[in-house]
Asker: 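Have a look at this one before I ask anything.
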Amino acid sequence: MTQTIPSSDAVQADRYSPGEVEAKWQERWRERRLYEVDLHDDSRPKFYFLTMYPYPSGDLHVGHWFAEAPADAAARFKRMNGYNVLFPMGFDAFGLPAENAAIRAARQGEDVHPATLTYQRIERMERQYDQMGAMFDWSKKVITCDPEYYKWNQWFFLKMYERGIAYRKESFVNWDPVDQTVLANEQVIDGRGERSGALIERRLMPQWHFKITDYADELLSFEGLDWPERIRVMQTNWIGRSEGAKVVFRSEQGDDIEVFTTRPDTLWGATFMVLAPEHPLVEKLTTPDRRDAVRAYVERASHMTELDRQAETREKTGEFIGAHALNPVNGERIPIWIADYVLMGYGTGAIMAVPYGDERDHEFAQKFHLEIRPVVRPDDSRVPDEELKDLWTGPGTMINSGPLNGLRNNGEKGRANPAIAAAIDHLKGIGAGEEQVTYRLRDWLISRQRYWGTPIPIVYCDDCGIQPEKEENLPVLLPDDVAFMPTGESPLKHHPAFAEVACPNCGGKAHRETDTMDTFVDSAWYWFRYLSPHDDARPLDPELVKRWTPVDVYTGGVEHAILHLLYARFFTKVLRDLGLVEIDEPFLKLRNQGIILGADNEKMSKSRGNVVNPDELVTQYGADTVRAFLMFIGPWDQGGPWNYQGIEGVYRFLHRVWALVVEQEAKPEPSPDADLDTVAGELKRAVHNAIKEVTEDLGAFRFNTAIAELMTLSNAMGKARAHRAALGPAWSEAVRELLLLLAPIAPHIAEELWERSGFPGSVHLQSWPSYDESALVAETVQMAVQVNGKVRGQVQVPVGAEDSQVLDIARAEPNVARYLSEGQVVREIVVKGRMVSFVVKG
RNA sequence: GCGAGGAUGGCGGAAUUGGUAGACGCGCUGGACUUAGGAUCCAGUGGCCUAGCCGUGCGGGUUCAAGUCCCGCUCCUCGCACCA
């Protein structure tokens with residue numbers, strides 16, 4: 001890309017110079033505190049417009065602009081529509097990249113502290129944000145690595161600990177060997193660490209969890225929320241609710257083996273059982289002759305990464321453990337196997353296997369030659385029961401199933417299926433099971449073996465065990481004087497002053513928890529804190545929370561569909577149950593922007609070298625052009641490839657707007673035969689049409705078409721421009737409306753032209769214009785005309801015309817007139833809005 | 001495999017309840033102004049065998065009328081995936 005700005009000798013005194021205009025207005029807006037919001041102002045309705053706060057990576061890239069500039073336009077639009085709009089911004093400042101940078105530095109013998117790095121980056125990004133011309137209210141800024149912020153993470157943790165929502169449990173965890181930390185399930189993508197890309201190992205460790213599963217059912221409801229279907233589906237699948245039954249089998253040795261099944265109706269077809277390799281009963285139940293084989297299998301499974309396991313989706317593996325269990329419904333003796341297709345983390349880690357009714361069990365049975373017994377006869381099957389196909393998961397009639405024989409199985413889930421209902425009742429009757437709901441969702445593991453995060457306020461006392469830190473001792477400060485380990489281990493472990501403490505209970509010898517919290521804890525409630533960012537006495541201001549939340553619109557990337565957005569919903573419900581807020585849901589309306597791809601159609605990344613730097617673009621074209629171009633590129637929720645050429649068109653458009661308002665008319669006066677009334681009428685129509693369209697588009701986040709409408713208006717004004725002197729106030733009115741419509745999208749140039757036109761005040765403090773319906777384009781609509789049921793012609797009819805007028809026009813159509821003149825009109829009707837029917841006799 | 005979304009000119013994309021397909025922009029072509037044009041302005045720009053015909057991934061259907069509705073496919077993107 002080479003220069004496109006006209007060389008300086010061509011610049012006239014009043015030529016559009018984005019750099020000057022933008023610097024001037026950013027300065028003035030700052031001086032006038034134009035965007036500082038009075039949270040107590042109740043003269044206007046509130047509107048909380050939230051956009052996801054960024055991680056302080058150090059440089060704003062074009063993706064930030066794509067996310068935030070349109071959001072800013074939508075927020076400005078709301079503000080001009082009479083709302084008191086809160087549009088805050090902050091930084092998600094804890095996290096691995098800053099710490100990893102410190103570790104890298106340590107490896108080279110340098111000393112870089114994550115805090116120093118983070119605050120430097122925040123400062124740089126704030127300056128870059130200012131260049132965007134966004135109406136962020138920085139006075140409400142939240143930085144999550146500030147003790148004044150993370151203190152409240154700790155406070156919430158203590159409250160949740162009191163209520164049993166935060167608990168410590170030894171469990172298998174996802175261990176990232178590169179980042180040297182445990183990850184949440186949500187952070188493991190295809191068996192690899194979300195950040196590091198390293199293969200995840202499974203380890204058994206004591207970890208802190210939040211009991212998000214307590215809220216599983218509530219999280220499944222999106223009632224009253226205007227969220228994209230896509231996100232709702234993703235969250236619903238993630239929570240993964242399954243209705244079924246728990247059934248207790250008993251081993252011959254007398255141990256209860258509990259299983260969960262969604263198909264209790266097929267219990268009589270259970271011909272073997274399968275335990276997960278990690279199942280606690282495996283060791284005990286295995287018979288001596290099978291011990292070696294079983295141990296080898298368990299050993300192999302434990303070393304397998306998640307990815308290895310998933311890669312083996314085709315071929316089933318497993319081992320018979322030598323033991324048998326009794327099927328509670330028919331007392332049958334069935335073999336017990338272990339196999340890694342049964343997961344310890346779901347249900348009970350054990351299943352009853354019904355090869356006839358489950359594809360996986362069927363595959364397993366075939367491979368190991370286990371019995372397959374039909375229990376549902378398909379409706380259209382005519383073969384004898386013994387010859388039924390060996391896998392059927394659909395509806396039919398129950399067979400080989402004792403008391404269920406002959407019952408209808410409609411293939412539905414839960415009690416809606418008579419066969420399932422009967423099976424559950426039967427289980428209850430014999431005391432071997434009952435209805436149960438199981439979720440895929442697991443509790444949120446929040447422990448991280450890292451330094452740069454919120455310290456978990458827990459102390460382990462040799463005598464008293466786990467002790468929560470006292471509230472008055474908060475915040476538990478993250479120490480600054482730490483040495484970063486080249487190995488990646490958390491420096492907290494090697495910091496005696498931090499780790500060795502007195503027990504808050506007995507005062508005896510104790511040590512502090514050295515794990516820190518997942519950074520998703522920070523972002524699970526940050527929007528509440530914008531309302532009182534520096535309140536030292538309490539986490540949130542109840543009065544302001546009541547007035548301002550829930551957030552009216554939340555915008556951000558889809559990549560947070562299940563991580564952040566699910567945690568935020570969970571946290572809100574917890575805060576509600578703690579009596580701190582009164583709302584059930586944090587974000588009423590959610591909108592996701594798409595992703596801007598590099599010119600090579602790949603996701604932008606430093607390693608690919610396809611990153612577009614917005615700073616250079618701003619220098620070349622100005623922020624207004626960059627903003628408007630990102631909005632114009634296509635539907636916002638779609639994203640798309642970056643295209644250098646397109647930006648020129650938007651740049652030219654802003655130049656033309658500038659010329660319309662500022663530049664002196666160089667052309668000769670209009671020719672005397674120009675019909676001024678027509679010109680004025682068309683101008684007015686163009687203006688009001690634009691108001692209507694831009695209003696609808698901005699309200700619906702359709703930025704691309706809003707700009708297209710503005711271009712159409714500016715083109716129309718370009719045609720009328722030659723008559724501007726003669727048009728007088730009509731011209732000036734058109735300019736006024738154009739600038740108002742432009743203000744949310746290109747705030748600087750709109751403000752400058754507003755001032756130059758002599759309009760009072762700031763364009764951003766004006767009310768949004770409304771349109772005059774009667775001034776809109778007199779549209780016509782095409783209608784078909786039929787005579788005695790046959791279409792004879794098409795006519796153009798003005799929108800909103802009276803029926804009689806429509807009939808007159810239709811009658812005048814030559815092709816129609818031919819048929820009408822012959823006979824007599826008996827009935828005339830206008831149907832379907834777009835069809836004129838004549839019925840003629842004679 | 002399951003779920004969600006999509007397919008429209010050379011390109012990004014527009015098209016209320018079915019009603020002149022291709023708004024707006026890019027690119028391209030021609031012209032004007034120019035020492036020059038990669039600046040600006042004007043005109044044109046879906047295709048073709050151009051009295052007209054054909055055109056919204058493919059094949060059917062409903063309708064006076066289909067990008068839009070119905071049936072059957074193909075391909076693409078994203079999400080989930082041995083969840084019992």
Side-chain angles (χ1 to χ4, degrees), chain A residues 2-7 10 189-190 228-238 240-242 244 247 259-263 266 270 274 276 309-310 312-316 339-343 345-354 357-361 363-364 438-442 558-559 561-562 594-595 628-629 632-635 637-653 655-656 659 666-667 693 696 702 704-715 718 780-786 789-794 796-797 831-837:
Chain A
T2 52
Q3 67 86 30
T4 39
I5 294 175
S7 53
I189 314 290
D190 293 334
E229 161 91 3
R230 184 163 54 145
I231 307 288
R232 296 201 311 261
V233 167
M234 280 163 83
Q235 291 205 352
T236 303
N237 290 344
W238 186 261
R241 184 182 205 270
S242 292
V247 185
V259 304
F260 170 75
T261 178
T262 56
R263 294 292 306 277
T266 62
V274 186
R309 275 196 169 194
Q310 285 169 13
E312 271 186 75
T313 48
R314 297 281 170 268
E315 188 76 354
K316 290 276 182 291
D340 63 6
Y341 81 93
V342 174
L343 310 172
Y346 182 76
T348 61
I351 62 161
M352 64 172 207
V354 183
D358 183 283
E359 275 182 52
R360 297 151 302 178
D361 298 346
E363 205 184 312
F364 193 85
T438 295
Y439 301 90
R440 207 188 83 121
L441 181 72
R442 286 175 241 174
V558 261
E559 65 272 21
I562 40 184
I595 298 167
F629 174 61
F632 188 58
I633 203 165
D637 57 1
Q638 200 175 298
W642 177 262
N643 175 335
Y644 280 107
Q645 275 122 26
I647 198 169
E648 301 281 350
V650 174
Y651 189 56
R652 286 200 274 262
F653 158 65
H655 268 281
R656 279 198 293 271
K667 289 185 177 172
E693 298 294 334
E696 288 171 3
R702 289 190 302 256
N704 56 331
T705 48
I707 292 173
E709 292 299 337
L710 282 173
M711 287 172 167
T712 306
L713 173 59
S714 112
N715 290 344
T780 61
V781 76
Q782 189 176 36
M783 296 184 78
V785 186
Q786 69 177 24
K790 289 215 165 140
V791 171
R792 301 299 184 184
Q794 305 271 327
Q796 294 292 327
V797 177
V831 291
K832 264 188 172 178
R834 295 292 161 84
M835 168 66 73
V836 191
S837 300

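Basis for what follows: all heavy atoms, side chains included, without hydrogens, waters or symmetry-related copies. A quick note: this is a predicted structure, and the numbers were derived from the prediction, not measured.
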Asker: Taking the same atom, C1', in B/rG6 and in B/rG61, what whole-Å distance lies between them?
Answerer: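 My reading of the C1' atoms in B/rG6 and B/rG61 gives 23 Å.
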Asker: Of the listed nucleotides (B/rU40, B/rA84, B/rC24), which one gets closest to any side-chain atom of A/N715?
Answerer: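 Side chain of A/N715 sits closest to B/rC24.
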Asker: Mind checking who B/rC49 pairs with, Watson-Crick or G-U wobble, both distances under 3.5 Å?
Answerer: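 B/rC49 is paired with nothing.
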Asker: Would you classify B/rG57 as syn or anti? Syn applies when the glycosidic angle is within 90° of 0.
Answerer: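 Base orientation: anti.
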Asker: Nearest 0.5 Å please: distance from the CD1 atom of A/I231 over to the OG1 atom of A/T236.
Answerer: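 Rounded to the nearest 0.5 Å, the CD1-OG1 separation comes out at 11.0 Å.
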Asker: Is the phosphate of B/rA84, meaning OP1 or OP2, less than 4.0 Å from a side-chain N or O of A/R440?
Answerer: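 The answer is no; no side-chain N or O of A/R440 sits under 4.0 Å from OP1 or OP2.
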Asker: Taking pairing as Watson-Crick or G-U wobble with both contacts under 3.5 Å, can you name the mate of B/rC2, or confirm there isn't one?
Answerer: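 Pairing partner, where one exists within any strand: B/rG79.
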Asker: Determine the interatomic distance between P on B/rG67 and the same-named atom on B/rC58; round to the nearest Å.
Answerer: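 It works out to 12 Å between them.
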Asker: For nucleotides 3-12 of chain B, list the nitrogen or oxygen atoms of the protein found under 3.5 Å from its nitrogen or oxygen atoms, one pair per line.
Answerer:
unit_1: B/rG12; atom_1: O2'; unit_2: A/I633; atom_2: O; d: 2.5

Asker: For B/rA23, does OP1 or OP2 lie under 4.0 Å from any side-chain N or O of A/N704?
Answerer: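 So the side chain of A/N704 is outside the cut-off, no N or O lying under 4.0 Å from OP1 or OP2 of B/rA23.
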Asker: Side-chain N or O of A/S242 versus OP1/OP2 of B/rA84: is the shortest distance under 4.0 Å?
Answerer: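 It does, given that an N or O in the side chain of A/S242 lies less than 4.0 Å from OP1 or OP2 of B/rA84.
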Asker: Does B/rU74 have a Watson-Crick or wobble partner in any strand here, with both distances under 3.5 angstrom, and which is it?
Answerer: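 Looking at the geometry, B/rU74 pairs with B/rA7.
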Asker: Just compare B/rC26, B/rA84, B/rG79 and give me whichever is closest to any side-chain atom of A/R652.
Answerer: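 Closest nucleotide among those given: B/rC26.
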Asker: Given B/rC24, B/rA15, B/rA84, which nucleotide is nearest the side-chain atoms of A/F260?
Answerer: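 Between B/rC24, B/rA15, B/rA84, the one nearest the side chain of A/F260 would be B/rA84.
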Asker: So which one's nearest nucleotide on RNA chain B is more toward 5', A/E709 or A/P635?
Answerer: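 Residue closer to the 5' terminus by nearest nucleotide: A/P635.
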Asker: For B/rA7 versus B/rG12, give the span between their C1' atoms, rounded off to a whole number of Å.
Answerer: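 Between the two C1' atoms, the distance is 15 Å.
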Asker: Using the P atom as the reference point in each nucleotide, state the distance between B/rU56 and B/rG22 in Å, no decimals.
Answerer: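 B/rU56 and B/rG22 have their P atoms separated by 14 Å.
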Asker: Mapping A/T348 and A/R656 onto RNA chain B by nearest heavy atom, which one lands closer to the 5' end?
Answerer: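 Final value for this comparison: A/R656.
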Asker: Watson-Crick or G-U wobble partner for B/rU63, using a 3.5 Å limit on both distances?
Answerer: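 B/rU63 is unpaired by these criteria.
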Asker: Take atom P in B/rA23 and the same atom in B/rG9, then report the distance between them in whole Å.
Answerer: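 13 Å, rounded to whole Å.
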Asker: Could you let me know what B/rA43 is paired to, Watson-Crick or G-U wobble, both distances under 3.5 Å, or none if it's on its own?
Answerer: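 Result: B/rU29.
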Asker: Can you tell me how far apart CG (A/D358) and CD1 (A/I351) are? Round to the nearest 0.5 Å.
Answerer: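 Between A/D358 CG and A/I351 CD1, I get 6.5 Å after rounding to 0.5 Å.
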